[in-house]
Undergrad: 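Can you keep this structure in mind? I'll have questions shortly.
In the text below, chain A, chain B and the rest are named by the order of the sequence lines, each starting its count at 1.
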Amino acid sequence: MKIAAVIVDVPSRQTDRPFDYKIPEKWEDVLQIGMRVVVPFGTRRLQGFVVDIKTYSDVKSLKAIEAILDVAPVLNEELLRLGQYLTETTLCFAISAYQAMLPAAMKAKYEKEIRLVDEKYRDRLHPNVQPFFSNRSAVSWKELENTNVLSRLQKDVQNGYLEVIYHLKDKAAKKTIKYVAFSVPEEQRKKAIESLPANAVKQKQLLELLLFNEHLPLKEVLERSGASHASVKTLIQKGIICEYEVEAYRDPYGQHHFAATQPLMLTEEQQQALEPIVNSIKENEHQVFLLYGVTGSGKTEVYMQAIEAVLKQGKEAIVLVPEISLTPQMVERFKGRFGSQVAVLHSGLSIGEKYDEWRKIHRKEVKLVVGARSAIFAPFENLGMIIIDEEHESSYKQEETPRYHARDVAIYRARFHQCPVVLGSATPSLESFARAKKGVYQLLTLTKRMSENGLPAVSIIDMREELRSGNRSMFSRTLFEKLRERLDKGEQSVLFLNRRGYSTFVMCRDCGHVIRCAHCDISLTYHRVQQRLKCHYCGHEEPLAYSCPSCGSEHIRFFGTGTQKVEEELTKLLPQARVIRMDVDTTSRKGAHERILSEFGAGKADILLGTQMIAKGLDFPKVTLVGVLSADTMLHLPDFRACEKTFQLLTQVSGRAGRHELPGEVVIQTYTPEHYSIELAARHDYEAFYQKEMALRRFHGYPPFYYLTLITVSHPELIKAVSVTEKIAGYLRAQLSKEAIILGPVASPIARLHDRYRYQCMIKYKREANFTKILKNVVDRYQQEMSQGELLITIDTNPYMMM
DNA sequence: AGCACGCCGACT
DNA sequence: GTCGGCGTGCTC
């Protein structure tokens with residue numbers, strides 16, 4: 001007898017292990033490791049992943065597998081092992097790891113229904129239950145769960161009148177296209193057309209069309225023949241033609257035509273960067289390269305020529321880009337060069353579209369994937385290279401379980417496939433640059449910009465000076481002048497507002513009271529259009545207050561600046577300017593992002609005003625001015641990476657100006673012009689920033705000198721949150737080595753969220769023998785309280801968000 | 001997670 | 001004596 005070990009779809013500590021099932025004889029040769037199956041689990045039916053097939057089990061009475069969901073394994077040996085690696089390093093459940101590797105469409109949906117076992121029991125049902133079954137034999141649980149007949153229902157189930165049926169739905173609906181074709185043999189077709197009634201003109205036209213084609217999509221036939229669906233129906237009824245469905249891919253870029261491009265001549269620098277990568281591809285040698293190239297130095301061309309080398313070897317490649325820069329521009333470059341060999345995966349696609357792209361990879365119909373974070377799990381079996389563009393971006397870290405970093409996964413997979421990883425950035429993360437300096441990664445450098453102009457000139461404007469000299473506007477005189485210049489010359493400008501931590505909060509000028517969310521320790525944000533105050537974390541809203549809830553004063557004011565407010569002031573100051581605003585509000589609709597950018601690219605506006613999202617990847621020849629309205633808003637976030645992020649952002653933003661013939665200029669407005677992040681970004685001096693920041697990291701004991709782990713404990717009661725965090729910290733102090741530093745318990749920077757108090761404990765360590773084991777003990781200790789009570793403990797073994 | 005089982009107080 | 005509440009422990 002063959003037995004399958006199955007990981008079931010229950011994300012909990014207790015079920016986080018394989019369960020054994022009998023493999024029915026008829027499937028012994030069909031079932032393979034890595035396939036999804038349906039198994040009985042307790043009273044339920046669940047989806048699961050086969051992780052092992054064996055001949056022996058310790059369990060006496062095994063249940064049998066009920067169904068197989070795949071014709072071929074969806075997880076290969078490598079991905080199964082990668083799942084284990086994720087489980088161990090991020091402390092997640094195996095099921096969560098496996099689900100993260102597959103498109104959402106393949107995750108099961110469960111529906112319960114109550115069915116009448118037999119018509120003869122209908123009269124015996126409890127009188128209160130009967131009405132639900134009056135005209136049908138099954139009722140969905142959804143309809144019943146909020147009624148008051150639940151206990152009666154239970155009785156009837158016990159009596160055997162009713163039964164509970166568990167439906168398992170695959171969301172992975174495949175798209176099909178209807179085709180029509182002749183159903184009569186070829187030699188009879190002409191005759192069939194002739195024998196049609198004389199008035200069946202449309203039918204005749206339709207058939208004539210089919211004479212020259214083996215089969216045609218129904219839609220096309222209808223369009224070209226002008227016939228209606230009725231004609232098709234009659235022809236089918238007459239037995240002349242037939243209709244059938246063919247599985248089809250949704251093609252998100254179906255309408256789009258991509259101009260083919262050829263490899264460009266490389267500069268000497270690019271050539272020198274490319275060579276070691278290509279060597280490592282050819283030699284099947286695992287190596288991590290850090291491609292450090294200033295903005296506009298042509299990293300993408302290096303990527304593409306390296307990919308060509310991979311394809312030449314008959315292998316596959318993954319290119320990761322940050323979600324935010326997965327713009328049509330980027331997609332176009334890859335589709336243009338590699339055509340139909342590319343699959344694209346990003347959050348803008350529907351669940352079905354993502355599933356189709358995934359299947360193209362799985363069926364080996366494509367050789368290259370360009371995608372955001374989760375594309376790192378692309379089920380290639382012959383990986384030749386992994387590229388991570390904008391390597392420093394924090395979006396490569398997933399902030400939900402499994403809390404993996406795509407960079408780590410990339411290195412794991414590349415080691416398995418013995419192939420190179422290329423990390424590219426103009427502002428590498430300190431972690432990566434430090435590793436490159438140590439020789440763990442191989443450093444490749446591009447110092448020259450492709451355009452003649454070199455890097456743009458940056459001026460820093462001290463906004464305190466502006467205020468002192470009486471300018472209360474959010475535009476410094478310099479920035480205003482330069483904006484007007486561009487307008488006169490017909491050139492474009494980009495204005496960048498970093499909204500994080502800079503949203504419009506409401507404060508009383510008399511007593512200083514700030515209106516906060518009733519459920520979270522967060523100040524409420526003023527939304528001008530709706531005249532309401534909203535919490536950005538939990539969604540709580542309330543009407544705008546006109547007097548201070550604390551002291552009653554009417555001197556209550558809005559502080560901070562949103563893009564809307566900037567836009568208003570801008571149109572007041574420069575009424576002739578055409579402004580496009582790009583933020584969450586204007587880009588929430590699908591495709592809006594793309595539309596705004598193409599309008600701006602086509603010169604339909606003079607100024608593009610936006611948040612974070614405009615910092616990445618834009619490349620417009622006519623942009624000669626970039627303004628940063630307030631550079632230091634991000635600097636003061638409670639995050640040890642705040643300075644690094646500020647530096648990276650300013651450098652990225654500055655890189656948007658003057659990428660082509662026209663020279664660029666950058667204006668940075670700040671209240672702390674002396675800060676090294678701002679000064680050094682203005683001087684484009686990454687190296688100096690690296691040295692300075694490394695010294696600080698060393699001094700304060702942060703990465704890359706220490707590893708970090710953040711434990712966050714939340715509970716509706718403050719005392720409980722504190723005491724649990726205290727106990728955990730105590731346990732860790734006792735268990736970990738003397739070198740480990742345990743900070744806390746301290747209140748989380750967001751001390752209350754969704755009516756829950758949040759406390760945290762930060763661990764800094766260099767090497768700990770049993771680190772994950774000790775952390776697992778912590779989780780195990782509080783397992784019951786977490787599953788039954790209100791306690792929640794999250795552990796992040798490589799935190800990027802300290803809140 | 002979700003379900004059954006079992007023990008307890010409150011009601012017919 | 002039964003109904004329905006919630007705490008406990010299991011699911012191959």
Undergrad: How is Pro11(A) classified with respect to the nucleic acid when contacts are heavy atoms under 4.0 Å: base, sugar-phosphate, or nothing?
TA: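 Sugar-phosphate contact only.
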
Undergrad: Decide, yes or no, whether a salt bridge links Lys364(A) with Glu381(A) under the criterion of side-chain N to carboxylate O below 4.0 Å.
TA: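 Judged by the 4.0 Å cut-off on N to carboxylate O distance, Lys364(A) and Glu381(A) do form a salt bridge.
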
Undergrad: Starting from the 5' end of DNA chain B, give me the residue, Gln154(A) or Met786(A), whose nearest nucleotide shows up first.
TA: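 Nearest-nucleotide comparison on DNA chain B picks Met786(A).
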
Undergrad: Could you grab the distance from atom CZ of Arg403(A) to atom OG1 of Thr794(A), nearest 0.5 Å is fine?
TA: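 Between atom CZ of Arg403(A) and atom OG1 of Thr794(A) there are 5.0 Å.
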
Undergrad: Once you apply a heavy-atom cut-off of 4.0 Å, does Phe93(A) come out as touching a base, just sugar-phosphate, or nothing?
TA: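 Nothing, no nucleic acid heavy atom in range.
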
Undergrad: Students should find this one: the first and last nucleotides of DNA chain B, 5' to 3', lying under 4.0 Å from a heavy atom of chain A. What are they?
TA: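 Taking any atom under 4.0 Å from a heavy atom of chain A, the span is dA1(B) to dA4(B).
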
Undergrad: Under 4.0 Å, heavy atoms only, any strand: does Thr15(A) hit a base, just the sugar-phosphate, or nothing?
TA: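 Since a base atom lies under 4.0 Å of Thr15(A), the category is base.
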
Undergrad: Could you list the donor-acceptor pairs under 3.5 angstrom formed by side chains in residues 156-165 of chain A, with sequence neighbours left out?
TA:
| from | atom 1 | to | atom 2 | distance (Å) |
| --- | --- | --- | --- | --- |
| Asp156(A) | OD2 | His126(A) | N | 3.1 |
| Asn159(A) | ND2 | Lys155(A) | O | 3.4 |

Undergrad: Salt-bridge test for Glu111(A) and Arg45(A): reply yes if a basic N is under 4.0 Å from a carboxylate O, no otherwise.
TA: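 The answer is no: the pair does not qualify as a salt bridge.
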
Undergrad: Have a look at Gln784(A) and say if it touches a base, only the backbone sugar-phosphate, or nothing, with a 4.0 Å heavy-atom cut-off.
TA: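 Answer is nothing: Gln784(A) stays at 4.0 Å or more from every strand.
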
Undergrad: Decide whether a cation-pi geometry holds between Arg641(A) and Tyr800(A); the criteria are a distance under 6.0 Å from NZ or CZ to the six-membered ring centre and an angle within 45° of the ring axis.
TA: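 Satisfied, under 6.0 Å and within 45°.
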
Undergrad: Assign each of Arg152(A) and Gln788(A) to its nearest nucleotide of DNA chain C by heavy atoms, then name whichever residue's nucleotide is nearer the 5' end.
TA: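 The residue whose closest nucleotide sits nearer the 5' end is Arg152(A).
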
Undergrad: Looking for any heavy atom pair under 4.0 Å, which part of the strands does Arg17(A) touch: base, sugar-phosphate only, or nothing?
TA: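 Arg17(A): base contact, heavy atoms under 4.0 Å.
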
Undergrad: Using a 4.0 Å heavy-atom cut-off, does Tyr21(A) contact any base of the nucleic acid, only the sugar-phosphate backbone, or nothing at all?
TA: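 The residue Tyr21(A) makes sugar-phosphate contact but no base contact.
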
Undergrad: Does this structure show an ion pair linking Asp796(A) with Lys397(A), if we count only N-O contacts that are shorter than 4.0 Å?
TA: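 Salt bridge: yes.
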
Undergrad: Under 4.0 Å from a heavy atom of chain A: give me the 5'-most and 3'-most nucleotides of DNA chain C that qualify.
TA: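 First and last nucleotides in contact are dC3(C) to dC12(C).
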
Undergrad: Classify the angle between the aromatic ring planes of Tyr702(A) and Phe640(A) as parallel (below 30°), tilted (30 to 60°) or perpendicular (above 60°).
TA: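 Judged by the thresholds at 30° and 60°, the geometry between Tyr702(A) and Phe640(A) is parallel.
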
Undergrad: Taking the six-membered ring for Trp, are Tyr404(A) and Phe377(A) parallel (under 30°), tilted (30 to 60°) or perpendicular (over 60°)?
TA: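 Geometry flag for Phe377(A) against Tyr404(A): perpendicular rings.
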
Undergrad: So, is the end of the Arg359(A) side chain (NZ or CZ) under 6.0 Å from the ring centre of Tyr355(A) and within 45° of the ring's axis?
TA: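 Pair Arg359(A)/Tyr355(A) counts as cation-pi.
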
